[in-house]
Amino acid sequence: MMSNDPKPAARDAQKILTEEFFIARSKILDLAATLDRLDRANGSVDQLQQRKLLQQGMEILLDDQPDKAKRVQLLMSRPYDPDWRKNYGLH
Amino acid sequence: MDYIDPHIHMVSRTTDDYETLARMGCVAMSEPAFWAGFDRGSVESFRDYFRQLTQFEPKRAAQFGIQHYTWLCINAKEAENVSLSREIIAMIPEFLSESNVLGIGEIGLNKNTKNESTIFLEHVDLAVRYGQQILIHTPHLEDKFQGTKMILDMLVSDSRVDRSRVLVDHVEEHTIQEVLDRGFWAGMTLYPVTKCTPARAADMIEKYGTERLMANSAGDWGPSKPTAIPDLIMELKRRGHSRDLIRRVVYENPCKFFSQSKNFKALPASS
């Protein structure tokens with residue numbers, strides 16, 4: 001369905017970077033500190049699904065493709081089965 | 001700036017919160033029926049809850065000049081109990097003529113089970129039979145993508161459903177496009193950790209525009225911020241967006257959607 005409302009004009013990239021650099025820096029540090037905490041802790045979580053999801057999420061951040069937030073969301077989501085209704089016996 | 005919170009659970013907030021919201025510019029709100037933090041045991045518990053939503057909360061809100069509207073249902077979490085759900089669905093029509101009822105909601109899915117789906121379909125049928133609007137809860141976290149698509153499947157398979165009278169709430173980056181593309185209204189919930197931040201909501205407004213898009217706080221008894229919409233207004237202002245654009249999202253769109261219900265009253269001229 002087409003939208004009748006125009007999208008807002010695109011913002012200036014350099015301005016966004018200037019405004020948000022310290023916020024992003026803080027979030028990277030939080031993530032780094034979480035990984036350090038795991039390293040210092042007893043036991044290993046490397047084979048756990050949650051740890052693998054974090055690794056895959058970080059790889060999305062580093063690639064050169066767009067829609068990173070959407071792709072991280074999909075990574076963290078259960079798959080959709082188009083036949084779900086038939087499987088549930090709901091017609 | 002005057003604004004409307006289309007999804008906030010005021011039964012779990014204090015009267016002080018009503019006053020704070022009024023001071024922040026909230027002129028109207030709608031409160032969908034939801035989970036109380038524990039599973040209720042009988043239809044009478046829900047009858048009392050619906051009395052609270054239709055009689056008590058509007059009075060609390062009115063003390064501060066806020067219009068209070070509501071939506072009725074048994075929520076997805078408790079819908080796992082099919083027999084209780086059917087008793088409640090049969091009782092809901094008792095309340096549909098109350099003056100602040102906008103429709104059926106927040107119905108939806110929680111863990112995307114067969115029982116939840118069965119009761120969702122029965123709620124949709126109730127809404128259609130009584131000419132009611134629908135407000136929808138989509139699941140949390142890893143269940144959201146799958147559950148949202150299941151909900152959309154059920155809605156589009158019922159030709160009686162008028163998509164322009166359905167609001168699908170809690171959309172995020174991976175669900176918003178399909179909701180809008182299929183002709184429904186979409187609500188972004190500004191909720192710490194498990195849903196969407198004001199910055200990410202602003203991103204979605206920039207990406208998808210403002211048509212059929214709203215924002216809400218979903219303020220409830222969990223970690224949540226009832227003043228989250230003013231936070232979004234501040235974020236959009238900070239980014240240099242126009243007053244017209246902001247007003248469309250936080251005021252005009254809720255008015256336009258709610259106006260499809262006969263119980264929605266015109267609001268006083270806004271600032």
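Only heavy atoms go into these numbers, but all of them, side chains included; no hydrogens, no water, no symmetry mates. In what follows, chains carry the letters A, B, and so on, assigned in the order in which the sequence lines appear, proteins first and then strands, with residues in each chain numbered from 1.
- Looking at W35(B) and N110(B), their side chains never bring a donor and an acceptor atom within 3.5 Å of each other.
- Of all the listed residues (M76(A), K7(A), E20(A)), the one sharing the greatest number of non-hydrogen pairs under 4.5 Å with chain B is K7(A).
- No side-chain heavy atom of L126(B) sits under 4.5 Å from any side-chain heavy atom of Q132(B).
- Interface residue S157(B): only side-chain heavy atoms are found under 4.5 Å from chain A.
- Proximity to chain A (any heavy atom under 4.5 Å) is restricted, for R200(B), to the side chain, taken from C-beta onward.
- In this structure, OG1 in T227(B) is found 10.0 Å from CG in D5(B), a value given to the nearest 0.5 Å.
- Contacts of L121(B) with chain A are made by side-chain atoms alone, with heavy-atom separations under 4.5 Å and no backbone atom involved.
- Most heavy-atom pairs under 4.5 Å with chain A: of the set R239(B), E172(B), Q146(B), Q177(B), this distinction falls to R239(B).
- When each of H174(B), H241(B), K207(B), R248(B) is checked for heavy-atom pairs under 4.5 Å with chain A, H174(B) comes out on top.
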Item to complete: Output, in order, the C-alpha distance, side-chain angles, deciding distance and verdict of side-chain contact (heavy atoms from CB on, under 4.5 Å) for R51(A) and L54(A).
Response: CA-CA 5 Å; R51(A) 179 65 185 85; L54(A) 291 181; 4.2 Å; yes
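- The aromatic rings of H170(B) and H7(B) are tilted relative to each other, their planes meeting at an angle between 30° and 60°.
- Heavy atoms of K144(B) lying under 4.5 Å from chain A are absent altogether.
- Between the side chains of N216(B) and D169(B), a donor-acceptor pair is found at a separation under 3.5 Å.
- For the set D81(A), D67(A), L74(A), the count of heavy-atom pairs under 4.5 angstrom toward chain B peaks at L74(A).
- Here the CZ atom belonging to R247(B) is positioned 11.0 Å from the CG atom belonging to N253(B), to the nearest 0.5 angstrom.
- A 6.0 Å sphere centred on CE of M234(B) holds no more than 12 heavy atoms belonging to other residues, nucleotides or ligands.
- Contacts between R11(A) and chain B at a heavy-atom distance below 4.5 Å involve the side chain alone, from C-beta outward.
- Of the listed residues A69(A), P82(A), A10(A), the one with more heavy-atom pairs under 4.5 angstrom with chain B than any other is A69(A).
- For R85(A), the part lying near chain B is the side chain, with the backbone staying farther off; criterion is any non-hydrogen pair under 4.5 Å.
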